[in-house]
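Just so it is clear: chains get the letters A, B, ... in the order the sequence lines come, proteins before strands, and each one is counted from 1.
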Number of protein chains: 2
Amino acid sequence: MATMADIARTANVSVSTVSYALSGKRPISADTRRRVLAAMDEAGFRPHAAGRALASRRSRTVGLLFPAVGKGVTELQLEFFTSAAEAAGEHGYAFILSTAPNDDAEVLRLSRDGVVDGLILMEIRRQDPRVALLRAEGVPFTLIGHCDENVGYSFVDLDFARALETAVAHLAGLGHREVAFVNTSAALLEAGYGPAVRSLAGFESALARFGLRGHHVACEPTRDAGLELTDHLVAEFPAVTAVVSINREALGALVGRAYELGVAIPGDLSVVGVLSERLARLFSPPLTTVDFPVAAMARLGTELLIRQLEGGGAGPTQTMFDGALAVRSSSGPAPARASPVLAAAAR
Amino acid sequence: MATMADIARTANVSVSTVSYALSGKRPISADTRRRVLAAMDEAGFRPHAAGRALASRRSRTVGLLFPAVGKGVTELQLEFFTSAAEAAGEHGYAFILSTAPNDDAEVLRLSRDGVVDGLILMEIRRQDPRVALLRAEGVPFTLIGHCDENVGYSFVDLDFARALETAVAHLAGLGHREVAFVNTSAALLEAGYGPAVRSLAGFESALARFGLRGHHVACEPTRDAGLELTDHLVAEFPAVTAVVSINREALGALVGRAYELGVAIPGDLSVVGVLSERLARLFSPPLTTVDFPVAAMARLGTELLIRQLEGGGAGPTQTMFDGALAVRSSSGPAPARASPVLAAAAR
DNA sequence: CTGTTAGCGCCTTCAC
DNA sequence: GTGAAGGCGCTAACAG
């Protein structure tokens, strides 16, 4: 309601003085400053965002582009949203969430309209056209995920290959000989969705390194698909004694179905999930996990963007998180056993 | 990049003509309009949000206030966020998500700064101080939920009392005689959190109406609490043959624990959840539910707010959704049986 | 139907 | 250390 002109009037100074008192970009005498500040909070003054944005040519707003494609939103994205929003808020930035299905148009809309100063992208593919677009538009951005070609921009990602290796190494250490990897959907894999592609690569190289037999199964991130998948595993790969998954929904279904089939976890079957701390807590019994530090990643992604916006020198920062192994099963998992547990369950 | 002045120049018209060509608030000759539009998309023109906001005194932005209190964010809120964001986008509004812990300050910040034109509030308590504040500030708003005193503002809510009645009626119809109601946390209940309070009321009146015995149990919305609760039910209320819950996390845990204990759902125990369609799908076997139309509610809440902003006459609109019963169990649930199933499971 | 012009609230260069 | 003034891009009277 109150404007700088109002404040200036009641404090007997000029508007520019008010402005500088606020920004500190010019020395102000202690006395003047006090009068100005007094006038401000007496009037409940708050600088108007639009005025400031217009004059400074910065909106102090960051946007998160999340194309709400069919594949539904999961708890994992939720954690991203809220953590990113929090981080933005702490730095004095507003946080815009866009679910527009067509990213390209949305990138243009948000940047050209000046509603955001920069963008955070999720659901990155190996060759992502949005990156070129953002560059062409000169819009600062960071990726949660990364492309094959990634010079000159900031991103933060989980090292999925390493995560899978960590998981497989753990299982190999327990004596397992044959393990299954439950990926996300085949469609995403084909589309070059990074996590799907890179986990698979990590899985395969780990198999080779530890001399294990392995099976890769793609699975839609839905409970139904997960149930079907579990039955499929039972039927087709009876010798499998351990499962690792990056697919939270399938994992939930698998654990549930295992109970139904009388397969004890971790007694009969070892299960390792690549999951955030928060998600891991939703499982019972507690699941051994390779930590997916979602909240930290979202925070960092947001902060990297804001650092760019504030001209924080330093150029692109690229951070790959390593998922730490968290063994949560109290009882030891089954070492590879003679009898194929899954097949036994199928009878 | 391009401004209206640029467009005006290349189209040989004045800026106001450009503006009116865009807004349609004044008749423009077909020919002029064509020239203007041509110039616009040749230049890739997009009106700058800050300029527009400053001149029109409206930011075309709505905000969702979601104080990220301790009790963690759930899939349910996620559905709210994305649905609200979607609805806002469809109406040409930007959507801001604020997780600032202190709502009051945030209300002031977002409104006084002019970053939003209106707000959507979640997690409403029976006496919610934010409402008075919003009123005092003259900020348009809608609630997802409602207060005891609620004249003169718009809200959308689920009729939790009715939802519980629907659930209990269903169970009574199946022949159950003793049912448990799993509420959210005792803390929220005491704080006057609407859903907790009103569901309980609905539960109790339904018990009376149908002459059933019932037990009310508050439970933190976490898996661990849910597990504990299940064991508690087993130990304390062995005659209970049916459970209804508005607590998604507890419900998940309860279903899981039931499997562990060898209690078949719905064979041995009937379970009814108050859940969104999407959440219901996460359960297996499918759960009988009273539908919690989260997405529709978020959309409507957002649209009610936007309608206010656009001066859509009509005054406050208050909508209570009725949760429709969706019986998803294929096999018929257990009518009240002589043998206390939960106790049997406990052996 | 179209042009001219004054702001909207703030930032920032230029002058003192 | 402080003022005055121009302008950011757009809207909306006010004049034709």
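Among the heavy atoms of the strands, none lies under 4.0 Å from A:Val18. Contact annotation for A:Ser19: base contact, defined as any heavy-atom pair under 4.0 Å involving a base atom. In this structure, A:Ser16 reaches the bases: a heavy-atom distance under 4.0 Å links it to at least one base atom across the strands shown. A:Arg46 comes within 4.0 angstrom of sugar-phosphate atoms only, judged by non-hydrogen atoms across all strands, and of no base. At the heavy-atom level, A:Ile28 lies under 4.0 Å from the strands shown only through sugar-phosphate atoms. Note on B:Thr32: only backbone sugar-phosphate atoms sit closer than 4.0 angstrom, heavy atoms only; bases stay farther off. Counting non-hydrogen atoms under 4.0 angstrom, B:Asn12 reaches the backbone sugars and phosphates but no base.
Along DNA chain C, the nucleotide closest to B:Ser14 and the one closest to A:Gly51 are compared, and the more 5′ of them pairs with B:Ser14. When each of B:His48 and A:Arg33 is assigned the nucleotide of DNA chain D with its nearest heavy atom, A:Arg33 is the one assigned upstream, toward the 5' end. If you find the closest nucleotide of DNA chain D to A:Val15 and to A:Pro27, the one lying nearer the 5' end belongs to A:Pro27.
If you check C:dT2, C:dC8, C:dC10 against the side chain of B:Leu54, the one that comes closest is C:dC8.
In this structure, A:Thr3 does not reach the C:dG9 phosphate: none of its side-chain N or O atoms is under 4.0 Å from OP1 or OP2. Between B:Thr17 and C:dC1, a side-chain N or O to OP1/OP2 separation shorter than 4.0 Å is absent.
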Yes or no on ring-ring contact (aromatic ring centres under 6.0 Å, His included) for B:Phe81 and A:Phe81, after CA distance, side-chain angles and deciding distance?
CA-CA 9 Å; B:Phe81 295 172; A:Phe81 296 171; 7.5 Å; no
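Using a distance-only test at 3.5 Å, with no hydrogens or angles considered, a donor-acceptor pair links the side chain of B:Ser154 to the main chain of B:Thr317. For A:Thr142 (side chain) and A:Gly301 (main-chain N/O), a donor-acceptor pair under 3.5 Å exists by modelled atom type.
In summary, contact between chain A and DNA chain D, defined as any nucleotide atom under 4.0 Å from a heavy atom of the protein, begins and ends at D:dG1 to D:dG9 in the 5' to 3' direction.
In this structure, A:Ile7 places its CD1 atom 13 Å from P of C:dC11, rounding to the nearest Å. Taking atom CZ on A:Arg60 and atom C1' on C:dC10, their separation rounds to 14 Å, with Å as the unit. C:dT12 atom P lies 12 Å from atom CG of A:Leu22, rounded to whole Å. Rounded to whole Å, the distance from CG on A:Asp6 to P on C:dC8 is 11 Å.
Side-chain contact annotation: A:Ser14 with A:Thr17, donor-acceptor N/O pair under 3.5 Å present.
The environment of A:Glu90 atom CD is dense: over 12 non-hydrogen atoms of other residues, nucleotides or ligands sit within 6.0 angstrom.
Side-chain to base pairing of A:Arg26 with C:dT12: no donor and acceptor N or O lie closer than 3.5 Å to each other.
Ring-plane geometry between B:Phe141 and B:Tyr153 is classed as tilted, the angle between the planes lying from 30 to 60 degrees on a 0 to 90 degree scale.
Between B:Val115 and A:Thr61 there is no side-chain heavy-atom pair separated by less than 4.5 Å.
At least one test fails for B:Arg125 against the ring of B:Tyr193: distance under 6.0 Å to the centre or angle within 45° of the axis.
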